[in-house]
Every structure is written in structure tokens, then in C-alpha cells.
Amino acid sequence: MIRVKDLDESLKFYCDGLGMDVLKKKDYESGRFTNTFVGYGSEDDTAVIELTYNWDTHEYDVGDGFGHIAIGVPDVYATCDDLRKKGVNITRDAGPMKHGGGVIAFVEDPNGYKIELTTRAE
């Protein structure tokens, strides 16, 4: 679960940018928050991200315990090109990992969370 400061901007990033789907969304009036689950498939067989939007809180510190979320994509270079066209902040361009391994890139969501794009294992 990650807390988001603007649900619409976050959904634009995760759904329009990264191609995830909204799997479920529920408002909790008495708690004044909304939980939205996004992912590439059903919670039954894939990992999903829970976005929590607290209606009365519009700023968060990312914190020093959080590293990043990693998402496997078919082509890191093409994904970065597509995201760049959509105005997504690319914080590390696509390229080989520093100490060997596959191609990676980093992007930043509207809340300041880092998302690593890595080549999906086929």
C-alpha cells in the first residue's frame, strides 16, 4: 500500500502511463479515505498495488525505509519512450544495470515514489 496525495493524478500515472487497470475502488466515508487497487490482472494470480487516498491529507514524505516498486515490462527502452511522451518523469534512462544484469530504468510517480522498470522474464 502506498499513500497518494492526488488519486486522479496517481491513477493517470498507474493506469494511463503504466497500463494497469483499476481492479476495485471503495470510498470509506466514516474514515474519509478511498482505497483503490490497481494491477495488470486479478488479485487471484498477480500482484497488485493498493493506493490509499486520505481525503484530508495532501502531502506525505516518501520516507527513508521505502526503496522502490519494480515492474517488469517487455521492452524498457520502448516503455520509457512512451512514458516520456506522456510527460512522466524519467529519473534514470533505460540502460544496462551498473554491475551487470538486464536493462532497467527508473520513473517517478506523482507522489515521488520511484518505480523501477525492468525487463520482464518471458
Practice task
Measure the CD1-CD1 distance between Ile69 and Ile2 for me, rounded to the nearest 0.5 Å.
Solution key: 4.5 Å
Fill in the blank from the handout: To the nearest 0.5 Å, atom CD of Glu59 lies from atom CG of Asp6 at 10.5 Å
Exercise for the section: Report yes if the side chains of Val38 and Leu11 come closer than 4.5 Å at any heavy-atom pair, otherwise no. Expected result: yes
Exercise for the section: Could you please spell out the steps behind the ring-ring contact (aromatic ring centres under 6.0 Å, His included) verdict for Phe106 and His68? Expected result: CA-CA 9 Å; Phe106 280 87; His68 61 271; 5.1 Å; yes
Handout entry: Main-chain N/O of Ile104 paired with Arg92 side-chain donor or acceptor, under 3.5 Å
Key = yes
Practice task
Please work out whether the ring planes of Tyr28 and Phe33 are parallel, tilted or perpendicular, with thresholds of 30° and 60°.
Solution key: parallel
Exercise for the section: Decide whether Val22 and Val48 are clustered together by the hydrophobic rule: side chain heavy atoms of Ile, Leu, Val, Met, Phe, Trp, Tyr closer than 4.5 Å, transitively. Expected result: no
Practice task
Report yes or no: does Asn111 contribute a side-chain atom to a donor-acceptor pair with the main-chain N or O of Lys5 at less than 3.5 Å?
Solution key: yes
Exercise for the section: Please check if Phe37 and Trp55 belong to a single hydrophobic cluster, counting links between Ile, Leu, Val, Met, Phe, Trp and Tyr side chain heavy atoms closer than 4.5 Å. Expected result: no
Handout entry: Phe13 to Pro110 - nearest heavy-atom pair and separation
Key = CB-CD, 3.6 Å
Exercise for the section: Decide yes or no for Thr36 and Lys24: does some side-chain heavy atom of the first lie under 4.5 Å from some side-chain heavy atom of the second? Expected result: no
Practice task
Nearest 0.5 Å please: distance from the CD atom of Glu116 over to the CD1 atom of Ile71.
Solution key: 10.0 Å
Exercise for the section: List the steps, then state whether side chain to side chain contact (heavy atoms under 4.5 Å, CB included) holds for Lys26 with Thr34. Expected result: CA-CA 6 Å; Lys26 182 171 175 145; Thr34 302; over 6 Å; no
Exercise for the section: Verify, without hydrogens or angle tests, whether Asn54 (side chain) and Thr57 (backbone) share a donor-acceptor contact under 3.5 angstrom. Expected result: no
Exercise for the section: First locate atom OH of Tyr40, then atom CE of Met20, and finally report the distance between them rounded to the nearest 0.5 Å. Expected result: 4.0 Å
Problem - Under 3.5 Å: donor-acceptor pair, side chain of Asp61, backbone of Gly63 - result: no
Completion exercise
side chain to side chain contact (heavy atoms under 4.5 Å, CB included) with Leu117: of Asp75, Val76, Val103, only one passes, and it is Val76
Practice task
May I ask you to decide whether Arg32 forms a salt bridge with Asp27, counting only side-chain N to carboxylate O separations under 4.0 Å?
Solution key: no
Problem - Salt bridge Asp82-Lys86, side-chain N to carboxylate O under 4.0 Å - result: yes
Exercise for the section: Determine, using the 4.5 Å side-chain heavy-atom cutoff (strictly less than), whether Leu23 and Ile49 are members of one ILVMFWY cluster. Expected result: no
Problem - Within one Ile-Leu-Val-Met-Phe-Trp-Tyr cluster: Tyr60 and Leu7, side-chain cutoff 4.5 Å - result: no
Exercise for the section: Grab the two heavy atoms, one from Leu83 and one from Gly17, that are nearest each other, plus how far apart they are. Expected result: CD2-O, 3.1 Å
Exercise for the section: State the OH-NE2 distance between Tyr53 and His58, to the nearest 0.5 angstrom. Expected result: 4.5 Å
Practice task
Begin with the C-alpha distance, continue with both residues' side-chain angles, and end with the deciding distance and a verdict on side chain to side chain contact (heavy atoms under 4.5 Å, CB included) for Arg84 and Asp93.
Solution key: CA-CA 10 Å; Arg84 188 174 282 109; Asp93 283 318; 2.3 Å; yes
Problem - Approximate separation, where rounding is to 0.5 Å, of Lys12 NZ and Asp109 CG - result: 13.0 Å
